[in-house]
Each structure stands twice: as structure tokens, then as C-alpha cells.
Amino acid sequence: MSMSQRLSTATPAPFTSRPLHPGFGIEVTDLDLSNPDSDAVVDALVTALDTHSLILVRGQTLSNARHVDISRRFGDLLTHVLKQFLTTGLPEIYVLSNVSEQGKPIGNHKEGWNWHSDLSYVAEPSMGSLLYSVEVPPEGADTLFASMHLAWESLPPATQTKIRNMTATHSYEGYYSRAFADRAPLTDEQKARTPDVVHPVVRTHPTTGRLSLYVGQDIVKQIDGLPAEESAALLAALNAHAISDAFTYRHKWQQGDLIIWDNRCTMHCATPYDDNRYRRVMHRTTVAGTRPF
């Protein structure tokens with residue numbers, strides 16, 4: 001397969017793409033999403049996400065309103081529990097940034113520096129996310145993406161059989177207390193919105209039927225029904241397997257990048273950068289999903 005290709009579908013896709021990784025992800029080229037006339041192409045991207053799990057479109061110039069409009073074509077949008085970082089005037093946009101204005105941070109800093117799937121800590125986790133780079137450092141701050149389809153499919157059959165019907169407890173409060181120990185704890189309202197939830201360790205993609213691992217670092221508190229030590233060991237082994245180089249794509253951000261990913265079958269992880277030297281401003285919208293099964 002050549003590095004430049006047309007997506008193979010029953011009806012030819014109205015865009016050109018090339019793979020980001022041998023097993024998942026595409027970069028769509030020569031596309032301007034700023035104009036509403038591109039909505040038909042956006043709808044094709046919605047369909048392509050089910051197959052490819054990760055889509056990159058570079059060189060975009062999106063207003064906040066256009067970012068939200070594009071995102072809505074993927075589904076209903078969610079509002080993040082950390083309302084203090086919804087600072088654009090549009091509550092659908094969650095800001096990730098180290099920048100402060102008038103003494104207040106405009107976004108959440110050091111968010112997502114662990115392997116996770118967005119909002120796995122709620123009963124109906126996010127279907128997908130659309131992250132747009134407004135301002136990026138010239139070095140560092142890469143984002144890693146891992147295919148949980150590939151991770152599941154490469155497990156030994158005995159391990160697949162063992163974990164196929166297991167469940168795990170996901171806890172936002174537990175994650176927050178570890179990741180942001182230097183901050184004020186969650187409010188009672190935030191805790192009420194994010195009680196611990198139980199999800200399958202192996203989930204089924206609702207559109208394709210393809211299976212994937214559904215684990216994560218820090219957010220997943222335990223694998224249910226196992227002694228604490230056995231649970232911790234199995235969870236650590238599954239997480240280590242899931243982020244193997246063979247299943248991972250590393251994205252080096254450029255200003256104007258839009259990345260769309262399927263939270264039902266990928267994990268991702270942000271990486272550090274020189275936050276004293278460089279500014280970083282990222283805008284994320286989050287598409288509602290359904291209960292994993």
C-alpha cells in the first residue's frame with residue numbers, strides 16, 4: 001500500500017489520506033475545514049473514524065464556533081466537570097494550557113500526562129474528542145496515541161479468555177487526588193458528578209463490533225473480583241502491553257493541527273515540555289458516547 005491513498009469504501013471518500021501508523025490512524029491532506037461548505041467532508045470523517053480510530057488534519061484555521069460546529073457533526077457534546085477551564089465563552093470547549101491571564105489560568109495545565117481514554121470515569125464515556133492546537137511549543141508536548149484494538153488482538157489467547165468478561169472500576173476522584181495533589185480537592189458538586197463506575201475490561205465497538213482493551217493508568221482503580229495484589233499486577237501488565245511501541249503513534253504538534261480520535265478504542269497520553277519557556281494553548285471538544293459493553 002502506498003503512503004498516499006484513497007480510503008477504500010463502497011463510495012469513494014471525498015478526501016485523500018495517508019496512514020499515520022501501519023495499524024491505525026490516517027492523515028487527511030489538502031482539506032480546509034474552516035468553511036461550512038466542508039460539512040459533507042466532515043460527515044465522511046465521522047464514518048472514517050469508526051474504521052481508522054484516529055484522524056489528523058493539519059493546517060487548519062478554526063474559529064471557536066467552527067470548532068464546535070464541526071464537533072457537533074460527530075454527536076452531542078459534553079461539558080467538562082472542571083468548569084473553571086471553560087474560558088472561551090463556549091462551554092463545549094475545554095482549554096488545556098499553561099497560560100494565565102489577569103492572574104488566572106485560562107486552561108488546565110499538566111492534564112492527561114497519563115495513559116487514558118477521555119471520560120472513562122463516567123457511566124457513558126466519551127465517544128470521541130477533537131483537539132485543536134491554537135498555540136504549540138516548538139519542542140516537546142507531543143501526544144501519544146495507542147490502538148486498543150491492536151492491543152487486544154495481539155494478546156495471547158489464554159489471556160483473552162481470562163479477561164474477556166472481567167470488569168474494572170474507574171475513579172475520577174482517585175485520579176484527581178494523585179494527578180493534582182497540589183490543588184484544592186474536588187468540590188462536593190464535582191464529586192457528585194463523577195462517582196466511581198464499573199466498565200468491562202474488554203469492550204465492543206458499537207459500530208464495527210471489533211473488540212478492544214479498555215484499561216488505563218491512574219483512572220482505573222482496580223480490576224473487580226480479584227485480590228488487591230492480583231488486581232494491581234494484572235492491571236499493570238495490561239497497561240504495559242497496551243502501550244507497546246507496536247500499537248503506538250507519536251504526534252508532534254504543529255499550530256493548526258486538528259486531531260480527532262475514537263475514545264472507544266484508543267488511549268492517549270500527553271508529554272511534558274518546557275512550560276516556563278513556552279506557551280501552549282489547546283482546545284478540546286468532547287463527543288458524548290454510550291455505556292461500554
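Small disclaimer: the values here were computed from a predicted structure and weren't measured.
- Atom CZ of Arg193 sits in a crowded spot, with more than 12 heavy atoms from other residues, nucleotides or ligands closer than 6.0 Å.
- Atom CG of Asn35 sits in a crowded spot, with more than 12 heavy atoms from other residues, nucleotides or ligands closer than 6.0 Å.
- No side-chain donor-acceptor contact under 3.5 Å links Thr169 and Asp196.
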* Evaluate the side chain to side chain contact (heavy atoms under 4.5 Å, CB included) criterion for residues Asn108 and Val95: first the C-alpha distance (whole Å), next the side-chain angles of each, then the deciding distance (0.1 Å), finally the verdict. => CA-CA 6 Å; Asn108 198 2; Val95 181; over 6 Å; no
* **Verdict with reasoning, Leu238 to Ile223, per side chain to side chain contact (heavy atoms under 4.5 Å, CB included)** => CA-CA 11 Å; Leu238 292 176; Ile223 295 180; 4.2 Å; yes
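- Using a 4.5 Å cut-off on side-chain heavy atoms (C-beta onward), Val198 and Asp224 make contact.
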* Decide side chain to side chain contact (heavy atoms under 4.5 Å, CB included) for Leu211 and Glu153; before the verdict, give the C-alpha distance in whole Å, the side-chain angles of both, and the deciding distance to 0.1 Å. => CA-CA 8 Å; Leu211 299 180; Glu153 290 162 1; over 6 Å; no
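- Exactly one of Gln254, Arg18, Glu27 qualifies for a side chain to side chain contact (heavy atoms under 4.5 Å, CB included) with Leu56. That residue is Glu27.
- Note on ring orientation: taking the six-membered ring where Trp is involved, the planes of Trp113 and His109 are perpendicular (angle over 60°, cut-offs 30° and 60°).
- Judged purely by distance below 3.5 Å, without hydrogens or angles, the side chains of Thr286 and Arg284 pair a donor atom with an acceptor atom.
- The shortest side-chain heavy-atom distance between Pro156 and Lys162 does not fall under the 4.5 Å cut-off.
- Side-chain atoms of Ser231 never come within 3.5 Å of backbone atoms of Gln222 as a donor-acceptor pair (strictly under, hydrogens ignored).
- Side-chain atoms of Trp253 and Thr143 form a donor-acceptor pair, as typed in the model, at a separation below 3.5 Å.
- Contact of the Met166 side chain with the Leu234 side chain is registered, since non-hydrogen atoms from C-beta on lie closer than 4.5 Å.
- Checked options Ile70, Asp76, Asp69; the residue passing with Arg72 is Asp69 (criterion: side chain to side chain contact (heavy atoms under 4.5 Å, CB included)).
- In this structure, a donor-acceptor pair under 3.5 Å is present between the side chains of Tyr278 and Glu139.
- Note on Leu45 and Val68: same hydrophobic cluster, where clusters join Ile, Leu, Val, Met, Phe, Trp and Tyr whose side-chain heavy atoms are under 4.5 Å apart, directly or indirectly.
- For the pair Ile26 and Leu54, the minimum side-chain heavy-atom distance is 4.5 Å or more.
- Shortest non-hydrogen contact noted between Tyr273 and Pro137 is CD1-CG, 3.7 Å.
- Residues Leu186 and Val197 do not share a hydrophobic cluster, clusters being chains of Ile/Leu/Val/Met/Phe/Trp/Tyr side chains in contact below 4.5 Å.
- Residues Leu144 and Val220 are members of one and the same hydrophobic cluster, defined by side-chain heavy-atom contacts under 4.5 angstrom among Ile, Leu, Val, Met, Phe, Trp and Tyr.
- Checked against a 6.0 Å centroid threshold, the rings of His80 and Tyr94 count as neighbours.
- Ring geometry for Tyr249 versus His251: interplanar angle of 30 to 60°, hence tilted.
- In summary, Lys191 and Glu173 engage in a salt bridge, as defined by a charged side-chain N under 4.0 Å from a carboxylate O.
- Tracing side-chain contacts under 4.5 Å through hydrophobic residues (I, L, V, M, F, W, Y), one reaches Val122 starting from Leu86; they form part of the same cluster.
- Between the Thr88 side chain and the Leu90 main chain, a donor and an acceptor come within less than 3.5 Å of each other.
- Closest of all the heavy-atom pairs between Val215 and Met267 is O-SD, 3.6 Å.
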* Take Arg210 and Ser212 through the test side chain to side chain donor-acceptor pair (under 3.5 Å) and record every step on the way to the result. => CA-CA 7 Å; Arg210 196 175 174 190; Ser212 63; over 6 Å; no
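- Cation-pi geometry between Arg203 and Tyr214 is met: the NZ or CZ atom falls under 6.0 Å from the ring centre, inside 45° of the normal.
- Put simply, the side chain of Ser97 gets close to the backbone of Val99: a donor and an acceptor are under 3.5 Å apart.
- Of the possible polar contacts, one joining the Tyr132 side chain to the Gln60 backbone as a donor-acceptor pair under 3.5 Å is found.
- The backbone N or O of Asp257 lies less than 3.5 Å from a partner atom in the side chain of Ser133, making a donor-acceptor pair.
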* Quick one: do His241 and Phe247 satisfy ring-ring contact (aromatic ring centres under 6.0 Å, His included)? Show the steps, please. => CA-CA 9 Å; His241 170 77; Phe247 319 135; 5.2 Å; yes
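- In this structure a side-chain-to-backbone donor-acceptor pair under 3.5 Å is present from Ser154 to Leu150.
- Ionic pairing of Lys83 and Glu189 is present here: one or more N-O contacts between side-chain nitrogen and carboxylate oxygen are shorter than 4.0 angstrom.
- Checked by atom type, the side-chain pair His205/Asp262 shows a donor-acceptor distance below 3.5 Å.
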* Taking it one step at a time, do Ser38 and Arg66 satisfy side chain to side chain donor-acceptor pair (under 3.5 Å)? -> CA-CA 11 Å; Ser38 67; Arg66 182 59 182 157; 3.0 Å; yes
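- No donor-acceptor pair closer than 3.5 Å links the side chain of Glu92 to the backbone N or O of Ala65.
- At least one side-chain heavy atom of Phe74 sits under 4.5 Å from a side-chain heavy atom of Val42.
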* To do: Could you please spell out the steps behind the salt bridge (charged side-chain N to carboxylate O under 4.0 Å, His left out) verdict for Arg279 and Glu135?
  => CA-CA 7 Å; Arg279 291 165 51 102; Glu135 190 171 354; 2.9 Å; yes
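- A centroid separation of 6.0 Å or more is found between the aromatic rings of Trp115 and His268.
- Across all their heavy atoms, Ala123 and Pro292 have their closest contact at O-CD, 3.8 Å.
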* Run the numbers on His116 and Asp218 for side chain to side chain donor-acceptor pair (under 3.5 Å), then give the verdict. => CA-CA 8 Å; His116 66 285; Asp218 301 332; over 6 Å; no
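- Within the 4.5 Å cutoff, side-chain heavy atoms of Ile163 are placed close to those of Val202.
- Between atom CG of residue Leu33 and atom CG of residue Asp39 there is a gap of 9.0 Å, rounded to the nearest 0.5 Å.
- Between the OG atom in Ser71 and the CG atom in Leu62 there is a gap of 9.0 Å [rounded to 0.5 Å].
- No path of Ile, Leu, Val, Met, Phe, Trp and Tyr side chains, each step under 4.5 Å between heavy atoms, connects Met148 with Met127, placing them in separate hydrophobic clusters.
- Taking 4.5 Å as the limit, every side-chain heavy atom of Ile55 sits out of range of all side-chain heavy atoms of Ile259.
- The one candidate from Asn263, Thr285, Asp118 that meets the side chain to side chain donor-acceptor pair (under 3.5 Å) condition with Ser126 is Asn263.
- Salt bridge Arg73/Asp43: present, at least one basic N to carboxylate O contact under 4.0 Å.
- Listed for the His149 side chain is no donor-acceptor partner under 3.5 Å among the backbone atoms of Thr266.
- Put simply, the side chain of Asn114 gets close to the backbone of Gln217: a donor and an acceptor are under 3.5 Å apart.
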* Between His52 and Phe24, does a side chain to side chain contact (heavy atoms under 4.5 Å, CB included) hold up when you go through it step by step? -> CA-CA 5 Å; His52 297 286; Phe24 75 111; over 6 Å; no
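- Taking 4.5 Å as the limit, some side-chain heavy atom of Leu96 sits within range of a side-chain heavy atom of Leu131.
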